[in-house]
Amino acid sequence: LVLGFQINMDKSMVADGEGAVARTADLMEEMGQVDFIFSDKTGTLTANEMIFARGHIDGQDLGDFRVVEAGVQPEGLTATMQLMSNQDAKAQAVSWYWTCLATCHEVVLDTAASGNDRPSYTGMSPDEVALVSAARDAGITFRRRNRLQGSVNELELVDFAGGISKFEVPILIQFNSDRKRMSVILKSGGKAWLITKGADSVMEPLIKGGFPDSAKADILRFSKTGLRVLVFAQRGLSSEFLQEWMNDYQKARSILDDTKEQKIREVVEKLESDLTFVGLTAVEDRLQDGVPEAIATLKAAGSRVWVLTGDKTETAVNIAYSCHLFIEKTKLAYVTGCLDVKSAREGLERASRELASATDAGIVIDGTTLLTALEDEETRRLIFTLGIASQACICTRLSPMQKLQLVQLVRAADEHRITLTIGDGANDVPMLLGGHVGVGIRGKEGAAAVQVCDVAISQFRFLVPLLLCHGRRSYRRVAIFFCYYLYKNIVLLMSDLVWMHWDNFNGNIAFPEYLSIAYNAFFTSWHVLFVLGFDHDIPDEVACAHPELYRVGPERQLFNRRVFGSWMVYSVYHGMICWLIPFIMVGTEEYDTKTFWICSTAAFTNVIHVTLLKMVIAAENPFHWITWLPTAGAWFMFVAYLWGIGYTGLGHSVQPSMRDVPENIVTQGDVFVTLLIGPVVALVVDVIERIVRRYMFPTTLQQVEMSAKASGEHSHERCLSSGEKRVSPSSKVS
């Protein structure tokens, strides 16, 4: 809870007035051990702020529609106005193109932001808003959506000459991740049309004769510049065909058994066929601030970054270079277009050979290949092997379930590798639920991702402080926490075992019962939450500038057999010393005498001193007040408790053997000396080891900490707290 609270209160992860929210408090340490990061692209790496960039109409690219200079009309709009001013077939094709954009959508008017002559729009899909806005700028304005009888809508459009057109929409078939297209049926003036828009990969088989050569060239060109391409197509519908199809569609929707979805799909496929190509749209989605720097930092930290997207391969690769997922020296291996398991296996094996000697390897895999590769155990193993051999991977044309299957593949191949998934939309929910840690981004596609995630953030760049600062420290804190909790109990147990051996296992207790009962509850537990919860090593800015510090987590350097074994060896040694010194120097083996309970209490006091000081030694800041104040509080609680059972009526009634014992262990010189000697003998080895390790065999963290102090970097500024304050990729590894 303390670690989650620190994430919630981190001001460096605040954007647009909203900070990070840790919705789950039991995964903090896993954020410090992330090996694979699976990220969505649209809305996660990009801002999901779509701008209509280019349009292909009637075999022609009209130019760039983006505003380059304020007050200057873009070349695309200029070309559109010129073509539409002519009363010819070309003008009709251009007008129909913009009409398709203005009608095939689900956007609504934003009445609060709309002006009298320039309406604004809002909708669940930023792509649709961009397309309808582009049609408005081109002179075909969507002005109103009227509700008619039942579910029938009427769209009202205004053309560039001021003429009003009305289109009845009896059927709207929504986009989903499986269909990757959307359709509407329009009726106007006794005619009916089907308008369909979708990804080029699913639209080409539906179009009579496929794409024109000019369209194919522009699809490739637009994709290589990182633009998101959609294809628009149409079909004229006769009244007889439409009525027959509507009857079939209503019958399919009325089915109540499990065949309903399949039957609806068959009916819709009958409609969405023999289409005529209308044109292309290309939309730009800019990267979020800080994404290239964030990805470069995460890669330098040793995490493998996989971007999973539904975009075309060329578009995704271009974005990968833009966001520094791939850089110029990255050796790329493509495994695409494999239609069966054999070709997928051959492609993966070829990629393995190509990347065998690469120091910076990247993989490009498409959904077609994964569709077959994920069905075979051998190809699944090859995918994982390639993932381990590379730092980055881009997977294209994926469905939400394929994203989940990739995450599950990694988890099944090696259960020790921690996976983190990050996304912003409802289609990312399966992937977010499939990873060890799910990070949701507050975006423009609803709150579904945030509702199911473990941690919610506002921008992708906040993943850097989340992992390199909070995650790294949480891993160290939890690792020490686990070791210490076992350590302190074994210290007490070893003192008991030594006495049991001396007593020939007669069943007599070593310590007063009420001291042992309070050992965990009051003396050695609560203060650890404060010491470790707020123990700080280096400022966040320094941690982000040295991403190599994060590697202790994925490499399990702070919690492994060697570290755990070291704690256990010390616990055995400390427990024996705490008991032996009082009983060798003062004590007697005669049980239940005054001397026995004095030595027993002295031994217990040694246990308290040693375990409290051990926590101080293990802390990153042993001389800081946040370490000493809780420790002192635990010690004073022990002293007060000891006085209570030694000098109060309640104490005498529940623990009569402790009457006046606290005074005796302080006033008897030989006993008091054991309280000084015991902790020194027990902990001298720990102190020497820490000093030797720090100055002769320093860890990477200690080297960075000493370097930061020497150079004056040891400030308390926050990393990536703004778009302007980021670490450049070239300075990531020291």
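A donor-acceptor pair shorter than 3.5 Å can be found between the side chains of Thr78 and Gln73. Side-chain contact, Asn318 with Thr315: no donor N or O sits under 3.5 Å from an acceptor N or O.
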Verify side-chain contact (heavy atoms from CB on, under 4.5 Å) between Phe175 and Met124, making sure each step is shown before the conclusion. CA-CA 12 Å; Phe175 174 93; Met124 290 296 294; over 6 Å; no
Before you tell me yes or no, could you show the steps for Met84 and Asp159 under side-chain contact (heavy atoms from CB on, under 4.5 Å), namely the whole-Å CA-CA distance, both residues' side-chain angles and the distance that decides it to 0.1 Å? CA-CA 11 Å; Met84 292 179 68; Asp159 63 26; over 6 Å; no
Could you walk me through whether Arg461 and Glu293 satisfy the side-chain contact (heavy atoms from CB on, under 4.5 Å) test, starting with their C-alpha distance in whole Å, then the side-chain angles of each, then the deciding distance to 0.1 Å, before giving a yes or no? CA-CA 8 Å; Arg461 63 188 175 95; Glu293 294 86 348; over 6 Å; no
Could you give me the CA-CA distance, side-chain angles and deciding distance for Asp285 and Lys41, then say whether salt bridge (charged side-chain N to carboxylate O under 4.0 Å, His left out) is met? CA-CA 10 Å; Asp285 186 9; Lys41 183 186 76 68; 5.0 Å; no
Given Leu83 and Leu62, is the side-chain contact (heavy atoms from CB on, under 4.5 Å) satisfied, shown in steps? CA-CA 10 Å; Leu83 290 172; Leu62 298 185; 3.5 Å; yes
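A distance of 6.0 Å or more separates the ring centres of His105 and Tyr121. Phe241 and Trp245 have their aromatic ring centers separated by at least 6.0 angstrom.
Of the possible donor and acceptor atoms, none in the side chain of Glu156 sits under 3.5 Å from a partner among the backbone N and O of Asn146. Here the side chain of Asp428 pairs a donor or acceptor atom with the backbone of Gly425 at under 3.5 angstrom. Judged by distance alone, with hydrogens and angles left aside, the side-chain atoms of Thr421 form a donor-acceptor pair with the main-chain N or O of Met431 at under 3.5 Å. Between the side chain of Asn247 and the backbone N or O of Gln243, at least one donor-acceptor pair lies under 3.5 Å. Using a distance-only test at 3.5 Å, with no hydrogens or angles considered, a donor-acceptor pair links the side chain of Gln288 to the main chain of Thr46. Looking at Glu284, its side chain never comes within 3.5 Å of a backbone N or O of Arg54 through a donor-acceptor pair. No side-chain donor-acceptor contact under 3.5 Å links Lys263 to the backbone of Lys251. Remark: the backbone N or O of Leu374 is not paired with any side-chain donor or acceptor of Gln405 at under 3.5 angstrom. The backbone N or O of Asp311 lies less than 3.5 Å from no partner atom in the side chain of Arg228, so there is not a single donor-acceptor pair. Listed for the Lys197 side chain is no donor-acceptor partner under 3.5 Å among the backbone atoms of Ala233.
Annotation: the span from Tyr249 atom OH to Ser254 atom OG amounts to 11.0 Å, rounded to 0.5 Å. For the atom pair CD (Glu272) and CG (Leu194), the distance works out to 6.0 Å, reported to the nearest 0.5 Å. Note: Ile51 CD1 to Arg286 CZ = 8.0 Å, rounded to the nearest 0.5 Å. Ile195 contributes atom CD1, which lies 10.5 Å from atom CG of Leu101 (distance to the nearest 0.5 angstrom). Put simply, CG on Asp213 and CG on Asp218 are 11.5 Å apart, with the number rounded to the nearest 0.5 Å. Note that CD of Glu314 is 7.0 Å distant from NZ of Lys224, once rounded to the nearest 0.5 Å.
Side-chain contact between Gln459 and Ile441 is absent, with no heavy atoms from C-beta onward closer than 4.5 Å. A heavy-atom distance below 4.5 Å is not found between the side chains of Val129 and Met50. Counting heavy atoms from C-beta on, the side chains of Phe460 and Ile295 come closer than 4.5 Å. Looking only at side-chain heavy atoms (C-beta outward), Ser201 and Lys312 stay at 4.5 Å or farther from each other. Counting heavy atoms from C-beta outward, Phe52 and Asp137 have side chains that stay 4.5 Å or more apart. The shortest distance between side-chain heavy atoms of Arg181 and Leu206 falls below 4.5 Å. Put simply, the side chain of Thr103 does not reach to within 4.5 Å of the side chain of Phe142, judged on heavy atoms. For the pair Val231/Glu204, no side-chain contact is recorded, criterion being any heavy-atom separation below 4.5 Å from C-beta on.
Residues Ile185 and Leu242 come closest through the heavy atom pair CD1-CD1, 3.8 Å. Leu432 and Val439 get closest at one heavy-atom pair: CD2-O, 3.4 Å. The heavy-atom pair separating Thr80 from Ala138 by the smallest distance is CG2-CB, 4.0 Å. Ala282 and Leu227 make their closest contact through CB-CD1, 3.8 Å (heavy atoms, listed as atom of the first residue, atom of the second, distance). Across all non-hydrogen atoms, the minimal contact from Gly362 to Phe326 is CA-CE2, 3.9 Å. Scanning both residues, Leu230 and Ala199, for their nearest heavy atoms gives CD2-N, 4.0 Å.
When the shell of 6.0 Å around CG of Asp258 is examined, it contains 12 or fewer heavy atoms from other residues, nucleotides or ligands. Within 6.0 Å of atom CZ in Arg66, more than 12 heavy atoms from other residues, nucleotides or ligands are found, so the atom counts as buried in its surroundings.
Under a 4.0 Å N-O distance rule, the pair Lys180/Asp200 does not qualify as a salt bridge.
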